[in-house]
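Here is the structure we will look at.
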Amino acid sequence: MTPASAATAAVGKLRFGFACIPLGLPQPVVRTCRLENATPSRLRELIEANLAALDACLDYVARLNLELFRINSGVIPFASHPVNGLPWTRLYAAPLAALGRKARRLGLRLSMHPGQFTVLNSPSPDVVAASVAELKYHADFLDALGMAQDSKVVIHLGGVYGDKPAALRRLDGAWARLPRDVRRRLVLENDERLYSAQEALDAAERLDAPMVFDRFHHRVYGGPSGAPVAALLRRAVKTWRRRDGRPKVHFSSQAAGEKAGTHGETIVKGEFEEFLEESRGIDLDVMVEARAKEAAALEARDWARQAGRTK
DNA sequence: CCGCGTCAAGTTCAT
DNA sequence: ATGAACTTGACGCGG
């Protein structure tokens with residue numbers, strides 16, 4: 001290794017992306033319908049429109065030279081609901097595979113983030129069953145694209161129900177019962193109210209899952225731990241095995257004047273510069289979560305580039 | 001055509 | 001007790 005490349009490796013490179021809604025594309029990325037209108041033919045029409053829109057999204061993300069993109073969970077409407085009995089992985093096997101080929105050709109790493117209704121540790125068996133079905137859908141979607149195991153499905157730990165140790169035991173139990181093809185996609189993320197980075201790390205290490213460190217959530221709800229971000233980040237990085245791909249983090253800033261935990265329009269430069277310090281020497285994929293979407297991701301990338309931290 | 005009330009799902013917290 | 005917020009606005013009725 002030359003001195004130059006050794007120096008390059010040591011600085012820690014960052015790649016960037018954003019979630020779900022490219023504001024620079026004219027039409028909606030995900031169309032849906034009301035449950036009462038969800039006939040098979042309507043669902044097929046929507047799926048076809050959504051896959052076409054996703055195709056355009058991939059081109060757009062690549063054109064911006066970003067590497068990460070989070071796919072909207074609504075791409076297959078009512079995917080885990082009984083109303084959608086379509087064998088969509090079979091019906092759309094060819095277009096799905098083509099989307100995956102395109103993503104890989106463009107060098108994109110994909111991810112998904114199921115909604116708040118996915119609660120693996122609920123005391124209600126029905127809620128858990130619905131959550132497992134929802135996770136299965138997300139994993140099936142990425143599988144249908146043929147994406148490697150580094151394209152992830154990010155979830156939070158779940159609820160607390162007034163007894164966190166019991167809630168965590170239920171999480172462990174539900175996790176153990178997940179199908180392998182679902183579990184291999186999952187990543188645990190700290191949230192802004194219930195489970196701190198420390199707690200998410202404990203769970204991730206216990207369950208042998210990767211952990212996404214969300215710096216903004218950590219700021220809003222740091223939990224009892226006084227560990228500095230840099231230390232938590234290094235611990236999170238260790239939860240990612242080679243097959244899981246480059247460790248990922250989420251980055252966002254508080255919306256000025258709004259409730260704590262609300263994502264801001266863009267990200268605050270000073271905070272990002274702190275993060276550049278905290279992450280020095282680590283290669284990371286950074287999912288920027290901001291209302292300005294790709295504009296915020298591009299801005300962060302520019303700041304990283306100026307610091308010699310891109311790619 | 002446009003405005004605006006409503007939309008599958010769970011859980012928590014603020015009001 | 002009710003509703004907003006959460007990964008994300010869009011659907012679709014009524015005028």
Side-chain angles (χ1 to χ4, degrees), chain A residues 17-23 25-39 42-43 45-46 49-50 53-54 57 68-85 110-138 141-142 152-164 166-167 170-171 174 186-196 212 214 216-217 220-221 248-252 254-255 258-265 287-294 296-297:
Chain A
F18 65 100
C20 301
I21 315 275
L23 298 181
L25 287 183
Q27 68 282 67
V29 170
V30 172
R31 298 185 49 211
T32 185
C33 67
R34 298 295 160 88
L35 179 58
E36 56 183 350
N37 302 328
T39 62
R42 180 86 171 111
L43 289 170
E45 180 188 324
L46 292 167
N50 291 346
L54 176 56
C57 278
L68 316 179
F69 182 63
R70 180 187 299 167
I71 298 173
N72 194 310
S73 295
V75 62
I76 308 290
F78 302 105
S80 69
H81 188 284
V83 79
N84 187 344
L110 303 177
S111 62
M112 299 180 83
H113 196 350
Q116 61 274 35
F117 307 107
T118 303
V119 192
L120 271 182
N121 72 345
S122 172
S124 154
D126 290 347
V127 171
V128 176
S131 299
V132 171
E134 182 72 354
L135 291 177
K136 174 88 174 120
Y137 149 58
H138 284 80
F141 190 85
L142 293 172
K152 293 298 190 184
V153 175
V154 180
I155 58 171
H156 297 290
L157 276 66
V160 171
Y161 311 91
D163 184 349
K164 198 172 264 189
R170 283 196 305 276
L171 175 66
L186 293 187
V187 171
L188 293 173
E189 179 191 357
N190 58 308
D191 65 71
E192 78 286 25
R193 294 176 305 141
L194 305 176
Y195 291 101
S196 68
V212 160
D214 187 308
F216 177 53
H217 289 166
V220 177
Y221 180 66
K248 279 180 81 168
V249 300
H250 289 176
F251 197 99
S252 49
Q254 173 66 41
E258 296 191 48
K259 200 189 81 161
T262 305
H263 290 161
E265 182 64 19
M287 176 62 61
V288 175
E289 299 176 325
R291 291 174 180 167
K293 300 297 176 190
E294 68 268 34

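A, B, ... follow the sequence lines: proteins, then strands. Residue 1 opens every chain.
- Rounded to whole Å, the distance from NE2 on H250(A) to P on dT8(C) is 11 Å.
- The interatomic distance linking H113(A) (NE2) with dT8(C) (P) rounds to 9 Å, in whole Å.
- In this structure, NZ of K248(A) is placed 12 Å from C1' of dT7(C), rounded to the nearest angstrom.
- Atom name C1', nucleotides dC7(B) and dA4(C): the rounded distance is 15 Å, in whole Å.
- Looking at residues two or more places apart in sequence or on another chain, you find a ring pair (Phe, Tyr, Trp, His ring centres under 6.0 Å) between F18(A) and F69(A).
- Atom C1' of nucleotide dT8(C) and atom CD of E294(A) are separated by 14 Å, given to the nearest angstrom.
- What separates CD of E289(A) from C1' of dC6(C) is a distance of 11 Å, to the nearest Å.
- Heavy-atom minimum distance, R31(A) versus L46(A): CB-CD2, 3.7 Å.
- Across the C1' atoms, dA5(C) and dG9(C) are found 14 Å apart, a figure rounded to whole Å.
- Comparing the P positions of dG3(C) and dT6(B) gives an interatomic distance of 11 Å, to the nearest angstrom.
- For DNA chain B, runs of at least 3 consecutive pairs of the Watson-Crick or G-U wobble type, with both hydrogen-bonding distances under 3.5 angstrom, map to B:1-7 with C:9-15, B:10-15 with C:1-6.
- Applying the side chain to side chain contact (heavy atoms under 4.5 Å, CB included) test to V127(A) and every residue at least two apart in sequence or in another chain returns V119(A), S122(A), S124(A), S131(A).
- With sequence neighbours left out, the side-chain hydrogen bond (donor to acceptor under 3.5 Å, both in side chains) criterion links N121(A) to no other residue.
- Partners of V187(A) under the side chain to side chain contact (heavy atoms under 4.5 Å, CB included) rule, at least two apart in sequence or in another chain, are K152(A), V154(A), P210(A), V212(A), W240(A).
- The closest side-chain heavy-atom distance from L68(A) to S111(A) is not below 4.5 Å.
- The distance from atom CE of M112(A) to atom P of dT8(C) is 14 Å, rounded to the nearest whole Å.
- Checked against side-chain hydrogen bond (donor to acceptor under 3.5 Å, both in side chains), T118(A) has no partners two or more places apart in sequence or in another chain.
- Regarding H156(A), its NE2 atom lies at a distance of 12 Å from the C1' atom of dA5(C), rounded to whole Å.
- With sequence neighbours excluded, the residues forming a side chain to side chain contact (heavy atoms under 4.5 Å, CB included) with R193(A) are D191(A), listed by chain and number.
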Hey, can you pull the donor-acceptor pairs under 3.5 Å for the side chains in residues 73-81 of chain A, sequence neighbours left out?
residue, atom, partner, partner atom, Å
S73(A), OG, H113(A), O, 3.4
S73(A), OG, H138(A), NE2, 2.8
S80(A), OG, E134(A), OE1, 2.6
H81(A), ND1, V83(A), N, 2.8

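- Rounded to a whole angstrom, the distance from the P atom of dC13(B) to that of dT7(C) is 15 Å.
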What does nucleotides 9-15 of chain B look like as a protein-contact string, B for base, S for sugar-phosphate only, - for none, at under 4.0 angstrom between heavy atoms?
-> BBSB---
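- Atom-to-atom distance recorded for I71(A):CD1 and L110(A):CG is 4.5 Å, nearest 0.5 angstrom.
- Between dC6(C) and dG3(B), the two C1' atoms lie 26 Å apart (nearest whole Å).
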Using atom names, set out every protein N or O paired with an N or O of nucleotides 9-12 of chain C below 3.5 Å, distance rounded to 0.1 Å.
residue, atom, partner, partner atom, Å
dC11(C), OP1, R31(A), NE, 3.4
dC11(C), O2, R34(A), NH2, 2.2
dG12(C), OP1, R34(A), N, 3.1
dG12(C), OP1, N37(A), ND2, 2.4
dG12(C), OP2, R42(A), NH2, 3.2

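- With rounding to whole Å, I71(A) atom CD1 is found 18 Å from dT7(C) atom P.
- Remark: F117(A) engages no residue in a side chain to side chain contact (heavy atoms under 4.5 Å, CB included) (not counting sequence neighbours).
- Evaluation of the side-chain hydrogen bond (donor to acceptor under 3.5 Å, both in side chains) rule for R42(A) yields E45(A) as partners, not counting sequence neighbours.
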